[in-house]
Amino acid sequence: MRVLSVVGARPNFMKLAPVDRELVKRGVEHVIVHTGQHYDHGMSTAFFEQLWIPTPDFHLGVGSGSHAQQTAAVMQRLESIVVELTPDLVLLYGSTNSTLAAALVAAKLQVRVGHVEAGLRSGDWTSAEEINDVLTDRLSELLFLPSRDAAEHLAAEGVPAERMHFVGNVMIDTLSWALPQALALDAATRYGVQGAPYAVVTLHQPGNVDDRAVLRELLDAIERLGRTLAVVFPVHPRTRQRIRTHGLRLPDGGRMRLLEPLGYLEMLGLVAGAALVVTDSGGLQDETSFLGVPCLTVRSSTERPITCTHGTNRLVLPKRDAVLAAAERALARRSPARPVIERWDGRAAERIARVVCEGERFELDAPPAAALPHGSPRRSSRFVAGVRLPRTVDGA
Ligand code: UD1
């Protein structure tokens with residue numbers, strides 16, 4: 001059996017790593033295509049090295065550009081590879097432009113598509129990831145769900161249950177595999193924040209960094225947060241560019257550590273030891289929930305509501321005072337118990353490989369009692385455009 005995986009951006013790589021290992025273990029010919037959407041060493045090669053992902057068989061070199069340019073370039077350069085290799089399945093990961101572009105190419109060539117991390121919905125149609133997710137799911141025959149709520153979204157869109165496989169969260173496979181190595185790096189000491197509580201901050205979503213006023217509020221909040229505790233802030237290239245073009249300045253102060261984007265292990269080591277994470281990333285919401293680290297997600301909606309209902313995540317609007325007040329509350333509420341989320345058990349990739357290779361099914365039967373952790377916060381929810389969201393967004 002020949003499976004072709006297409007990845008392009010940082011969050012895709014973490015999801016590919018455990019799936020590659022499980023497929024290869026079963027004798028699958030696994031061809032990896034890197035679109036080149038991310039290309040800096042710290043955004044790409046570092047992940048392949050640290051996560052033991054083989055060097056890609058093909059590199060499309062598309063680089064940066066507008067959404068249309070990026071999507072079109074992947075489509076044009078990928079098509080001939082799919083035609084030549086005639087894979088049995090094209091596997092795609094997450095919600096990047098590379099994901100959608102590859103789904104379009106494969107589906108139109110009538111090659112089966114599998115989507116890892118299917119069914120995530122924020123209900124926010126201004127988000128490129130939402131558009132990419134909805135369309136990729138629509139074009140996919142095998143939908144690999146990270147959490148039970150994903151099935152509700154897919155069912156609401158008319159996707160038949162036979163296509164859904166509740167396999168769990170592959171990001172947690174990677175995290176569990178890498179955590180001992182990450183802790184051994186002692187990243188806190190390496191970045192000068194050992195011995196006292198510290199926060200880790202990441203920002204890159206267009207909604208937070210493209211608008212000058214919003215970005216200014218957030219940079220101000222980060223700088224003030226740095227007066228209370230040390231702050232490690234690996235700055236995404238997009239954010240650095242926007243700070244420059246908007247004529248703003250990076251947050252300053254003695255306890256602020258501004259860094260280039262970090263490798264997976266360094267970042268995981270830092271996050272695992274953090275008192276608080278402030279972010280707009282998708283993956284960090286999952287990772288902090290698994291690790292039991294309080295997380296503030298600077299967005300008005302999330303495609304990962306389970307991290308709010310069962311995990312450590314809270315949403316906060318991009319306003320300085322709202323972020324600071326939410327940070328104070330989050331620091332005070334840290335629980336010693338880690339949340340337990342159903343099928344976030346380090347075996348999601350194994351289940352995916354069993355579906356692909358052995359035709360197994362992982363159905364959404366009734367939730368076992370053990371899936372609802374004792375004492376887990378069962379916050380009430382509301383529905384927005386068919387999407388279950390936590391009731392509270394701080395700062396609203
Ligand atoms: C992309 C994904 C997003 C994911 C994020 C993780 C889409 C629509 N967005 O957003 O889902 O959360 O990756 O980082 O696919 N740049 C560099 N070096 C690089 C890569 C990018 O300097 O290696 C700069 C370029 O100026 C580029 C900008 O960052 O224009 C944005 O990169 P892009 O891949 O378009 O989107 P991200 O914001 O990274």
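First listed ligand is number 1; within each ligand, the first listed atom is number 1.
- Nearest protein heavy-atom contact of atom 27 (C) of ligand 1 is Ser64 OG, 3.2 Å.
- Atom 39 (O) of ligand 1 has as its closest protein heavy atom His38 NE2, 2.8 Å.
- Summary of contacts: the protein heavy atom closest to atom 19 (C) of ligand 1 is Tyr39 CZ, 3.6 Å.
- Listed here is the closest heavy atom pair of Ala326 and Val316: CB-CG2, 4.1 Å.
- The local environment of CZ in Arg238 is crowded, with over 12 non-hydrogen atoms from other residues, nucleotides or ligands closer than 6.0 Å.
- Within a 6.0 Å sphere centred on CD of Glu328, heavy atoms belonging to other residues, nucleotides or ligands number 12 at most.
- Residue-ligand proximity, His67 to ligand 1, at heavy-atom distances under 4.0 Å covers atoms 8 (C).
- Not a single heavy atom of Gly282 sits less than 4.0 Å from an atom of ligand 1.
- Heavy-atom minimum distance, Asn208 versus Val298: ND2-O, 2.9 Å.
- For the side-chain contact (heavy atoms from CB on, under 4.5 Å) criterion with Arg351, the lone passing option out of Val356, Val170, Asp345, Asp173 is Asp345.
- With a 4.0 Å heavy-atom cut-off, ligand 1 is reached by no atom of Ser281.
- Here the protein heavy atom with the shortest distance to atom 8 (C) of ligand 1 is Asn97 OD1, 3.3 Å.
- In summary, the aromatic rings of His34 and Phe48 are positioned with their centroids under 6.0 Å apart.
- The contact set between ligand 1 and Gln70, taken as ligand atoms under 4.0 Å from a residue heavy atom, comprises 34 (O), 35 (O).
- Listed by number with element, the atoms of ligand 1 under 4.0 Å from a non-hydrogen atom of Pro237 are 16 (N), 17 (C), 18 (N), 22 (O), 24 (C).
- Between Phe144 and His165, the angle of the ring planes lies from 30° to 60°, which puts this pair in the tilted group.
- For the pair Cys357 and Arg26, the tightest heavy-atom approach, listed with the atom from each and the gap, is SG-CD, 3.8 Å.
- Ion pairing between Asp220 and Arg320 holds under the 4.0 Å rule for side-chain N and carboxylate O.
- Given atom 18 (N) of ligand 1, the protein heavy atom at minimum distance is Asp40 OD2, 2.9 Å.
- Here the heavy atom of the protein found nearest to atom 28 (C) of ligand 1 is Arg238 CB, 3.9 Å.
- Residue Arg216 qualifies as open at atom CZ: its count of foreign heavy atoms under 6.0 Å is 12 or below.
- The atoms of ligand 1 that sit less than 4.0 Å from any heavy atom of His204 are 4 (C), 5 (C), 6 (C), 12 (O), 38 (O).
- For ligand 1, the polar-atom distance check against Gln205 finds no nitrogen or oxygen pair separated by under 3.5 Å.
- Those atoms of ligand 1 that come under 4.0 Å of a heavy atom in Gln241, given as number and element, are 26 (O).
- The protein atom (non-hydrogen) at minimum distance from atom 11 (O) of ligand 1 is Glu129 OE2, 2.5 Å.
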